[in-house]
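A quick write-up on the structure given underneath.
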Amino acid sequence: MEFDHLLIRYGEMALKGKNRKKFIIQLQENIQQKLKGRFPEAKVTRTQGRMFVLLNGHDPEPIIETCKNVFGIQSLSLAVKVENEVEAIKDAALYALQNGENVRTFKVSVKRIAKDFPVRSQEMNQVLGGHLLSNTESYTVDVHRPDLEINVEIRLEATYITSTVIPGLGGLPVGTSGKSLLLLSGGIDSPVAGYLAMKRGVQLEAVHFHSPPFTSERAKQKVLDLAQQLTAYGRSIKVHIVPFTKLQQEIFREMPDSYAMTIMRRIMLRVSEQICRDKSILSMTTGENLGQVASQTMESMNTINEVTNYPIIRPLVTMDKQEIIEISEQIGIYETSILPYEDCCTIFVPKSPKTRPRRDKVNAFEAKKDFSELIAEAVEGTETVKMTDEQKAASAFDELL
Ligand code: ATP
Ligand code: MG
């Protein structure tokens, strides 16, 4: 006997009708996709309300670690699978108890989904509790705060015995909520924004505005590394690198200094919207955060947002910097995010940017200069790099070492 399955619990309660079906199919596909390369024998199956990974001889630990990063999973446990027979279930429960570490007290919880199973849940609890006590010496039952809870799910096709519950990330499986274009800088915020969008089931592509030679190859590589690290939580991410030098130079040459930043942001959105159109992407996601920096005021958001009516997802808008940093650390991208780099927005810094830019003013300035050709040229010159989970992470580190 062994723990040769992973039992996966997902929060289906909040889902209804068609959404529920889509959620389940996508979750199964995403788990299988993640395991495919490294664990070729692992198989993902599902029954009513549960999903399973059949380990087929693979070491469970790395598979658990991989599944812990898949959105849509509430929790998971190693499981023993046996037939729906009282004796077999007794043996498996004993096995689970004896495999627990530092366990002195336990509790058995039976769930009988197969109503044709002859013993009712309550009675089965007692049968199993009695069996465990009479076949061991050092354990006692504690129904309130047991060291180990042995869960027995008697399902239609088989019975699964699990003990330790490992929490998952929750959220929705990536791919169930459509696509968004993440405006990805090399800072701390935008990758966290991307992660949170993915957590709601969003599949990402990313756009990065790059201004060589003012921003280096290394800065670009850092952005690619960040995108690569995000793929641990979903699928591959296409990063569109937009050559932004000419546009930025024109903006800073032709537009008043105090409005240059605002106009630059508006042009970033125009380019991004064009990419969304070309790729059938229905929204954009940014790391904007209200009040964090002078450019992120309500007036600024209002004036910048004027140029597009695409929805902009701003997962960080209400968060404190500390909360954002905590997520960044938890998801393992903080180290890369704080590597030094030059951003196109920090290279061209106006001396006194308007913190309360106005729509009427910015429109008057922009009327004097037609940027559309340069925008088309930038879109035309965009280079796309596909980042995948299998690629080696964090090459920006290597260069620094
Ligand atoms: P971040 O930490 O993500 O860089 P920030 O706090 O520095 O954000 P801003 O510089 O005001 O804030 O940028 C706001 C948002 O604009 C970023 O979160 C990102 O989504 C987008 N952005 C900024 N610079 C770029 C860039 N070079 N390429 C793509 N998107 C960018
Ligand atoms: Mg930044």
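Each ligand, and each atom within it, is numbered from 1 in the order the structure gives. This is a predicted model, so every value here is computed, not measured.
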NZ of Lys21: more than 12 outside heavy atoms within 6.0 angstrom? no

With a cut-off of 4.0 Å, which atoms of ligand 1 are near a heavy atom of Val207? 29 (C)

Is the His210-Phe244 ring centre distance short of 6.0 angstrom? no

Answer with side chain, backbone, both or neither: which part of Gln296 has a heavy atom less than 4.0 angstrom from an atom of ligand 1? side chain

Atom 3 (O) of ligand 1: the protein heavy-atom neighbour that sits closest, reported with distance to 0.1 Å: Ser190 N, 2.7 Å

Honestly, for Leu182 the part within reach of ligand 1 (heavy atoms, under 4.0 Å) is neither

For atom 1 (P) of ligand 1, find the nearest protein heavy atom and state the residue, atom name and distance (0.1 Å precision). Ser185 OG, 3.3 Å

How far is atom 29 (C) of ligand 1 from its nearest protein heavy atom, and which residue and atom name does that atom have? Leu184 O, 3.3 Å

Nearest neighbour in protein (non-hydrogen) for atom 28 (N) of ligand 1: Phe209 N, 3.0 Å

For the 3.5 Å polar cut-off, considering only N or O atoms, please tell me whether Ile188 and ligand 1 meet it. yes

Do any heavy atoms of Arg265 fall under 4.0 Å from ligand 1? yes

Any idea which protein heavy atom is nearest atom 19 (C) of ligand 1, and the distance to it? Leu183 O, 3.2 Å

Judged by atom type as modelled, is there a donor-acceptor pair below 3.5 Å linking the side chain of Thr176 to the main-chain atoms of Leu172? no

Treating Lys222 as the side-chain partner and Gly186 as the backbone partner, does any N or O pair qualify as donor plus acceptor under 3.5 Å? yes

Tell me which protein heavy atom sits closest to atom 17 (C) of ligand 1, plus the residue, atom name and distance to 0.1 Å. Gly287 N, 4.0 Å

Relative to the heavy atoms of Thr286, which atoms of ligand 1 are at a distance of less than 4.0 Å? 20 (O)

Should we count NZ of Lys386 as having more than 12 external heavy atoms under 6.0 Å? no

Using the six-membered ring wherever Trp is involved, compare the ring planes of Tyr160 and His5 and label them parallel, tilted or perpendicular (cut-offs 30° and 60°). perpendicular

Does a side-chain N-to-carboxylate-O contact under 4.0 Å join Glu383 and Lys220? yes

Non-hydrogen protein atom less than 4.0 angstrom from atom 5 (P) of ligand 1: yes

Provide, to 0.1 Å, the distance between atom 24 (N) of ligand 1 and the closest protein heavy atom, together with that atom's residue and name. Cys345 SG, 3.3 Å

Is there a donor-acceptor pair under 3.5 Å between the side chain of Asn289 and the backbone N or O of Met319? yes

Ionic contact status for Glu273 with Arg277, cut-off 4.0 Å: yes

Among protein heavy atoms, which lies nearest atom 7 (O) of ligand 1, and at what distance? Asp189 OD2, 4.9 Å

Could you check Thr336 against Asp225 for side chain to side chain donor-acceptor pair (under 3.5 Å), going step by step and ending with a plain yes or no? CA-CA 8 Å; Thr336 304; Asp225 288 340; over 6 Å; no

